[in-house]
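This report concerns only the one structure given below.
These numbers come from a predicted model, not from an experiment.
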Amino acid sequence: MLLKKILLPAQRRRSVHAFLLLLLLICFSCGKEVVSRPEEIHPPTTEQNKLGLEDVRIPLVWDVQRDAATQISGKGFQSNDEILLEPLDGLTNFFRIRLSEIGSAGASFPLPADLQEGRYTVVLDREGVKQTLGSSTFNFVLRANLPNIAGKTIKGVVHIAGQGLANVVVSDGSEVTKTDRDGLYYLSSTKRNGYVFVSVPGNHEVLSMASNLPVFYRYLNPNPNVVDTRDFELKAVDNNNHVLLSLADMHLANRNDDLHQFQAGFIADANQQIAKMQGAGKKVYALTLGDQTWETYWYSNNFMLPEYVKEIAKLQAPVFNTIGNHDNDPYFASDWLSENAYRRVLGPTYYSFNIGQIHYIVLDNIEYINVGGSTGNIGNRNYNAKVAEQQFAWLKKDLETVDASTPIILATHIQLHHAPSITGSLPAFRMSNGQQLVDLFTRFEQVHVLTGHTHVNYRVVRNDHFMEHNTAAVCATWWWTGRTGYAGNHIAPDGSPGGYGIWEVSGKNLTWQYKSIGYPEDYQFRSYDLNNVHITAAKYAPDANTSHQNLVPQYAADFANENRDNEVLINVWGYDPSWTISVTENGLALSVQRVASFDPLQLISYAMKRINVNAVPTFDASNSSHMFKVRASSASSTLKIKVADRFGRVYTEDMVRPKAFNYTMR
């Protein structure tokens, strides 16, 4: 396939985006379109060919060896020419390299010792006159003479500094294999997914990083008749004792002061935690749970996945990612095609890896339908919550490589179960084929499912071996309550502070906790003196017009009515059935009742603030079951509240009453 022109650096971003989409449609076309050769060919037009080049060819994937020169084919190169490698997809280092040899059919240049694997824009610079030649993924090859095997379309070596590593799982998202004793692997791949990845073994990390994103995958030549060599270099580490940060729903979109809140709030808080844990000798990793971006604003706000990569790069730990429904390209009414932008920037949408003795699995459980989506038109962004059959087929093979005693942490974006009720009965599945997923894990002793999507906290315990942890959002209520001129806090729809999960792992033992952004780790509940909670238009929406003030009772829920019953409401956002809540008044125990309730602070921080500017609230508050109510005998007594989690950690408050109700309360 011939590409008829070289893209100029000055072309607009959308032209570059369209060009990348063209390549992606070739690379990820389910095998329906075959590229005739493994190279992009760029015969320049007269207008664009400022340097008089001919027949320049830039491979889609450039196989190179460390500490060696590489060849670039073409005519018209000169001795004073320099190759510029401009980093893409999270890489940070820029390289300027003088051509070392000029021949009639091409030229060569030495590779820098600190060149990282990954994708670069390749530019020729002749005394300040620059011409873009294309983009390519530089791929280090350890053994250039690795023999082919009939029927095997991918081959390679998994190694540590050139020494092969045995029994490492490698997959193309369909087939799964293991390396032999020399670290060699071969795969019979249709290349449908466009990549091959290594399931990083425990006590190892990949050497290749794009900023803080582990590059555990390699892109493939789309031609199924070409045998690709894709190596993976690892390094040995001790991560038996490690910490995982689970990060749900960032919704970065360059709106609502989100980027400032993200950096000054979340990044500052998480990096403080990371430094403390690393100081204690623990390896720290992060795993997002989807909706890193917000596809509604990809094009209008010029904020897409590459911009997310720049923001998350400030987190001081390696970050693995999960795709969310809002991380799909809204210009495509196709689940497969809408994911191409994600695959291009962040790699596989489903994969596995190991940290210490834990097997981590990431799945894509969004079927993105997006009726009406087309180039230049955002569709209605509808989707189904399900895991595609091809993922189930891969997952079965992946799990066959894992011992039943190995703890499993499985990440998906959309929750597996609906939120639990106060009855304690097992809730129904939110994911349409949830039972099929659960059935795959019956032989495993410990399975934890990490999910996001809801922006609220809840846990579902299916049995002693299987538990879901739905995690409230980093963005809380879509960054609204902390927006300039709003409540000045950061609170999710269920009243949880915006935050993230902290998983501490020692061998096969796991403990977890929800960490509220900007608060100490022991901030695990909030109490309300309901005698002082009365939400009225006059107090909380005084600037609204009459029609909007009339909405206040609807959005204030039970708190629209005055309550003088000496009741106290306690929101325990990390609650699961193994937690206990006790309250005493003057040494006497009060009866604690689990209730379903909205959180009054969230209602005044979001809905009332929106109504006050004559807007109808977009996002619903959550009527949550991690709420507890007690009735005191007096309006002014001090209550001692004690909350204990499943690990025996105790959190307390001496609740001096009357307790004020305001935007900054704890």
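No hydrogens or angles considered: nothing links the side chains of H204 and N239 as a donor-acceptor pair under 3.5 Å. Inspection of the N370 and Y331 side chains reveals no N or O donor paired with an N or O acceptor under 3.5 Å. Under 3.5 Å, the side chains of H159 and D231 contain no donor-acceptor pair of N or O atoms. Neither side chain, S211 nor T92, offers a donor N or O lying under 3.5 Å from an acceptor on the other. Side-chain atoms of Y285 and N212 form no donor-acceptor pair, as typed in the model, at a separation below 3.5 Å. At a cut-off of 3.5 Å, with distance as the only test, no side-chain donor of T137 or W62 sits close to an acceptor on the other residue. Of the N and O atoms on the side chains of N301 and N254, not one donor lies less than 3.5 Å from an acceptor on the other residue. Side chains of T288 and N321: a donor-acceptor N/O pair is present below 3.5 angstrom, by distance only.
Aromatic ring pairs are classed by plane angle as parallel below 30°, tilted from 30° to 60° and perpendicular above 60°; the pair F197 and Y195 is tilted.
For residues 100-118, the salt bridge (charged side-chain N to carboxylate O under 4.0 Å, His left out) pairs, not counting sequence neighbours, are E117-R218. A salt bridge (charged side-chain N to carboxylate O under 4.0 Å, His left out) check over residues 267-281, counting only residues at least two apart or in different chains, returns the pairs D269-K515, K276-E521. Legend: salt bridge (charged side-chain N to carboxylate O under 4.0 Å, His left out) pairs involving residues 197-215, not counting sequence neighbours, sorted by first then second residue: E205-K235, E205-K283. Sorted by first and then second residue, the salt bridge (charged side-chain N to carboxylate O under 4.0 Å, His left out) pairs with a member in residues 138-148 form an empty list; sequence neighbours excluded.
The two atoms that bring Q71 and S108 nearest to each other are NE2-CB, 3.2 Å, heavy atoms only. Between L337 and S334, the shortest heavy-atom contact is N-OG, 3.2 Å. L450 and S246 get closest at one heavy-atom pair: CD1-CB, 4.0 Å. Scanning both residues, S189 and D172, for their nearest heavy atoms gives OG-OD2, 2.6 Å.
Between the side chain of R343 and the backbone N or O of T349, no donor-acceptor pair lies under 3.5 Å. Between the side chain of D180 and the backbone N or O of G183, at least one donor-acceptor pair lies under 3.5 Å. A donor-acceptor contact shorter than 3.5 Å links the side chain of T179 to the backbone of L165. Remark: side-chain polar atoms of Q116 are not paired, donor with acceptor, to backbone N or O of L91 under 3.5 angstrom. Formation of a donor-acceptor pair under 3.5 Å by the D258 side chain with backbone atoms of A253 is found in this model. Using a distance-only test at 3.5 Å, with no hydrogens or angles considered, no donor-acceptor pair links the side chain of K178 to the main chain of V170. D291 places no side-chain N or O within donor-acceptor distance of the main-chain N or O of D249, the cut-off being under 3.5 Å. Put simply, the side chain of Y350 gets close to the backbone of G173: a donor and an acceptor are under 3.5 Å apart.
In this structure, CD on E307 lies 14.0 Å from CD1 on I312, to the nearest 0.5 angstrom. Atom-to-atom distance recorded for I323:CD1 and N328:CG is 4.5 Å, nearest 0.5 angstrom. Between atom CZ of residue R344 and atom OH of residue Y219 there is a gap of 4.5 Å, rounded to the nearest 0.5 Å. Between the CG atom of L245 and the CG atom of N271 there is a distance of 9.5 Å, given to the nearest 0.5 Å. The CG atom of L252 lies 6.0 Å from the CG atom of L259; values are rounded to the nearest 0.5 Å. Taking CD1 from I97 and CD from E82, the interatomic distance works out to 9.5 Å, rounded to the nearest 0.5 Å.
For the pair S199/N354, a side-chain contact is recorded, criterion being any heavy-atom separation below 4.5 Å from C-beta on. Contact check for R126 versus L53: side-chain heavy atoms found under the 4.5 Å cut-off. Here the side chains of E233 and V206 are not in contact, with every heavy-atom distance at 4.5 Å or above. Using a 4.5 Å heavy-atom threshold, the side chains of L124 and K130 count as separate. With a 4.5 Å cut-off on side-chain heavy atoms, Y217 and V196 do not count as touching. At a threshold of 4.5 Å between non-hydrogen side-chain atoms, the residues R381 and H326 count as touching. Counting heavy atoms from C-beta on, the side chains of P214 and F320 come closer than 4.5 Å. A 4.5 Å side-chain heavy-atom check between I72 and L133 finds at least one atom pair inside the cut-off.
Within 6.0 Å of NZ on K314 lie more than 12 heavy atoms contributed by other residues, nucleotides or ligands. Other residues, nucleotides and ligands place more than 12 heavy atoms under 6.0 Å from the CD atom of Q263.
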| task | Please assess N221 against V61 for the test side-chain contact (heavy atoms from CB on, under 4.5 Å), listing each intermediate value before the final yes or no. | result | CA-CA 7 Å; N221 187 300; V61 178; 5.8 Å; no
| request: Under the side-chain contact (heavy atoms from CB on, under 4.5 Å) rule, what do L184 and K155 come out as? Steps first, then yes or no, please. | output: CA-CA 7 Å; L184 306 181; K155 61 183 180 179; over 6 Å; no
(Q) side-chain contact (heavy atoms from CB on, under 4.5 Å) for Q292 and V309? Distances and angles first, verdict last. (A) CA-CA 9 Å; Q292 287 74 253; V309 170; over 6 Å; no
Between I154 and Y186, is the side-chain contact (heavy atoms from CB on, under 4.5 Å) condition met? List the steps. CA-CA 6 Å; I154 312 173; Y186 289 85; over 6 Å; no
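Screening Y351, Y360, F232 for a ring pair (Phe, Tyr, Trp, His ring centres under 6.0 Å) with F216, the sole residue that qualifies is Y351. Among Y299, W298, Y342, the one residue that satisfies the side-chain hydrogen bond (donor to acceptor under 3.5 Å, both in side chains) test with D329 is Y299. Under the side-chain hydrogen bond (donor to acceptor under 3.5 Å, both in side chains) test applied with H413, the options N365, T322, D364, N325 reduce to a single match, N325. Each of S174, S352, S171 was evaluated against W394; a single residue qualifies, S171, per the side-chain hydrogen bond (donor to acceptor under 3.5 Å, both in side chains) test. Exactly one residue among R192, K397, K152, K191 makes a salt bridge (charged side-chain N to carboxylate O under 4.0 Å, His left out) with E175. That residue is K397.
For F262, the ring-ring contact (aromatic ring centres under 6.0 Å, His included) partners are F266, not counting sequence neighbours. Scored by the ring-ring contact (aromatic ring centres under 6.0 Å, His included) test, F77 finds no partners at all (sequence neighbours excluded).
Contact check on D81 versus R98 returns no salt bridge, with no Lys/Arg side-chain nitrogen under 4.0 Å from an Asp/Glu carboxylate oxygen.
Proximity of the aromatic rings of F138 and F140 is defined here by a centroid distance below 6.0 angstrom, and this criterion is not met.
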